[in-house]
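Just so it is clear: chains get the letters A, B, ... in the order the sequence lines come, proteins before strands, and each one is counted from 1.
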Amino acid sequence: MTNRNLNFKHRVAVVGAGLTLFRSRMLETPQELAWLAAKQALDEAGLTLKDIDCVVIGSAPDAFDGVHMKGEYLAEGAGGIHKPTIRVFVGGATGVFVPIAAWWHVASGLCKRVLAVAEEKMSHAAKPHTQYVFRYIWDPVVEKPLNPNLIWIFAMEMHRYMHKCGVKKEDIALVSVKNKRNACGHPSAQLCMPNITVDDVLKSEVLVWPVQLLDISPTSDGAAAVVLASEEEARRITDTPVWIKGIGWTLDTTHWTNRDLAYPEYVRRAAEMAYRMAGIDNPRKQIDVAEPYDPFDYKELHHMEGLGLAKKCEAPILTREGVTQRDGDLPINPSGGLLGVGNPIAAAGLMKVAEIFWQVRGEAGERQVKKPVYTGLAQAWGDLMQAGTVIVMGI
Amino acid sequence: MRRIKHFPEVMEIEAYIYTAGPVGTKWLEALRAGRLTAARCPKCGRLFMPPKMFCPYDFEEVKELREVEPVGVVETYTVVERDFYGEPLRERKVLAFIKFPGVEGGLIHYVKTDNPQMGMRVRPRWRAERRGLVTDIEYFEEV
């Protein structure tokens, strides 16, 4: 069938999801974390490993878990032995890229039931800090000699966004407060803070100005998994499949100096691709709930604008007006996001996809948003802050 | 002298801290006690190494370890002659893949012998001071 200039054979649905706890230090090995999530997703779909045709694995830098060729290493826990198995990797954007890659396995007609698993165990990269792994993502000639750290660069991006949009730290802190409070409804959450205030965020330790400790997501261990199926199979498996309506991904230049720091073009282009496929021309009206990537509080705002859920510089205003709360007109990160649930890189992105799955099914428990959900969106961002991945799901 | 043409750099972090997982930790505790064990799947009954909290064959949860008779069989072996720099080793090392009857998988370990053979029966030489590491077995030796 031809669908808005994109060609695919089969509609694809999500039929099950699973998540481990997100914690700063888990006893389970990376393979075992992958297995916990995979097993849960299979159980939720009422399937066993025998029912799975193909496996897609997502994990961010090998240097976190400290095992090179992590995809091969994880394959056993992800159920990939003796099956067509692949690992995909686009840094922090990996979590949403995993179901995108799983989608094309099914949409192409190649596989009928696919298990998609994302895992990260950041605690292995222990000393001096997990951030140290990012010392080696820079251009070795012009940037590495300065020993930059990812938070330095985010701090500059955040500052540029604040400057260009006239946003105050108080407005940005509202995102952290919302998400860390939302996380209290999430059974996997690492940073549920029911009583956190803007003042707490503004008084937290300054790491790299303007980034403070409570502006930022934690380092985490964890895994997530979803099961995807073709239309025929999905209808056999469940009465409530959640359809993947649109997918999109793009890459911008690795030179972060050569991009618009106040506006995430990489997200806009990925979103346009997904919206075209999903037949969405007014995302602000047609998306009922969204899980944009929020490793830092300002990134939620940044990404809402890139996704067209707010106009440029409008996201802080919507946030202040309560529009993005769980009972608001456009709930944003009802799961608690990376700021609240935690940030095991690839698993965190897939956690967002699982959240949209449960929101669309009306199975999000105390996290269920007030308005009815027909269509939801999850987005992640990564590599050297240059990759955008977007998925639109709905009934 | 540093040249403009090249940029030497060491790509490392200071330290990794790994965990062995709930079943792997028990397996290491058994090693420290001088016992060799294998994980047992409650569903298919297979014993397997390396031990983990799930059965790689049917995806069931695994909690139990069973003691294994510490006499293995050399499935294959090699003789290491040189180090990473290509220099000859002072003492050649025999490295073998050792299987234990009734167990899926096995262990890679050193075998102290001048005459390695396929199918030779070997047993672990335990260190006197053990710390819960695979190297608590110093090497395997012929039975």
Side-chain angles (χ1 to χ4, degrees), chain A residues 23 25-43 47-52 61-68 75-82 115 121-145 147 221, chain B residues 1-32 37-44 46-65 84 103-108 132-134:
Chain A
R23 291 291 182 270
R25 187 172 287 282
M26 296 282 272
L27 176 61
E28 285 81 2
T29 64
Q31 287 180 349
E32 291 171 339
L33 291 172
W35 169 76
L36 282 166
K39 176 81 173 158
Q40 202 187 105
L42 286 172
D43 286 350
L47 300 175
T48 69
L49 193 53
K50 285 200 180 97
D51 301 313
I52 295 299
D62 289 350
F64 285 135
D65 295 57
V67 181
H68 281 310
E76 201 160 282
I81 300 306
H82 295 165
L115 181 58
K121 195 170 181 202
M122 299 171 78
S123 66
H124 281 188
K127 286 182 179 177
H129 188 275
T130 309
Q131 269 291 331
Y132 202 75
V133 164
F134 294 122
R135 276 163 56 91
Y136 305 102
I137 64 176
W138 312 99
D139 184 295
V141 177
V142 298
E143 290 174 334
K144 176 62 191 64
N147 282 326
D221 298 346
Chain B
M1 196 181 77
R2 184 172 174 140
R3 297 179 196 167
I4 287 173
K5 222 168 133 182
H6 72 261
F7 291 77
E9 177 67 67
V10 180
M11 194 162 153
E12 275 181 355
I13 82 163
E14 194 182 313
Y16 277 95
I17 297 176
Y18 297 93
T19 63
V23 172
T25 302
K26 283 191 206 167
W27 187 77
L28 291 174
E29 282 166 357
L31 278 187
R32 190 173 56 191
T37 58
R40 183 181 178 277
C41 173
K43 191 176 177 195
C44 67
R46 280 188 180 93
L47 292 172
F48 61 90
M49 279 188 218
K52 44 188 86 170
M53 70 181 293
F54 63 94
C55 174
Y57 302 95
D58 57 32
F59 241 39
E60 279 301 304
E61 182 170 6
V62 168
K63 291 177 175 169
E64 186 197 354
L65 291 168
F84 270 112
V103 177
E104 309 277 337
L107 282 181
I108 290 175
L133 296 168
V134 72

Does this structure show an ion pair linking B/K52 with A/E76, if we count only N-O contacts that are shorter than 4.0 Å? yes
State whether B/K43 and B/E61 are salt-bridged, where the test is any N-O pair (Lys NZ or Arg NE/NH1/NH2 against Asp/Glu carboxylate O) under 4.0 Å. no
Heavy-atom proximity to chain B below 4.5 Å, by part of [X]:
X: A/L33; value: neither
X: A/S123; value: backbone
X: A/A78; value: backbone
X: A/L49; value: side chain
X: A/K144; value: side chain

Would B/E14 and A/Y132 satisfy side-chain contact (heavy atoms from CB on, under 4.5 Å), going step by step from the backbone distance to the final call? CA-CA 9 Å; B/E14 194 182 313; A/Y132 202 75; 5.5 Å; no
Does some side-chain heavy atom of A/E32 sit less than 4.5 Å from a side-chain heavy atom of B/P22? yes
Looking at side-chain heavy atoms only, is the closest gap between A/T48 and B/F59 below 4.5 Å? no
If we define contacts as heavy-atom pairs under 4.5 Å, which of A/K121, A/R135, A/H82, A/K50 has the most with chain B? A/K121
Look at A/I81, A/L42, A/D65, A/L36 and state which one has the largest set of heavy-atom pairs under 4.5 Å with chain B. A/D65
Relative to each other, are the rings of A/W35 and B/F54 parallel, tilted or perpendicular (30° and 60° limits)? parallel
B/V10 versus chain A, the contacting section by heavy-atom distance below 4.5 Å: backbone
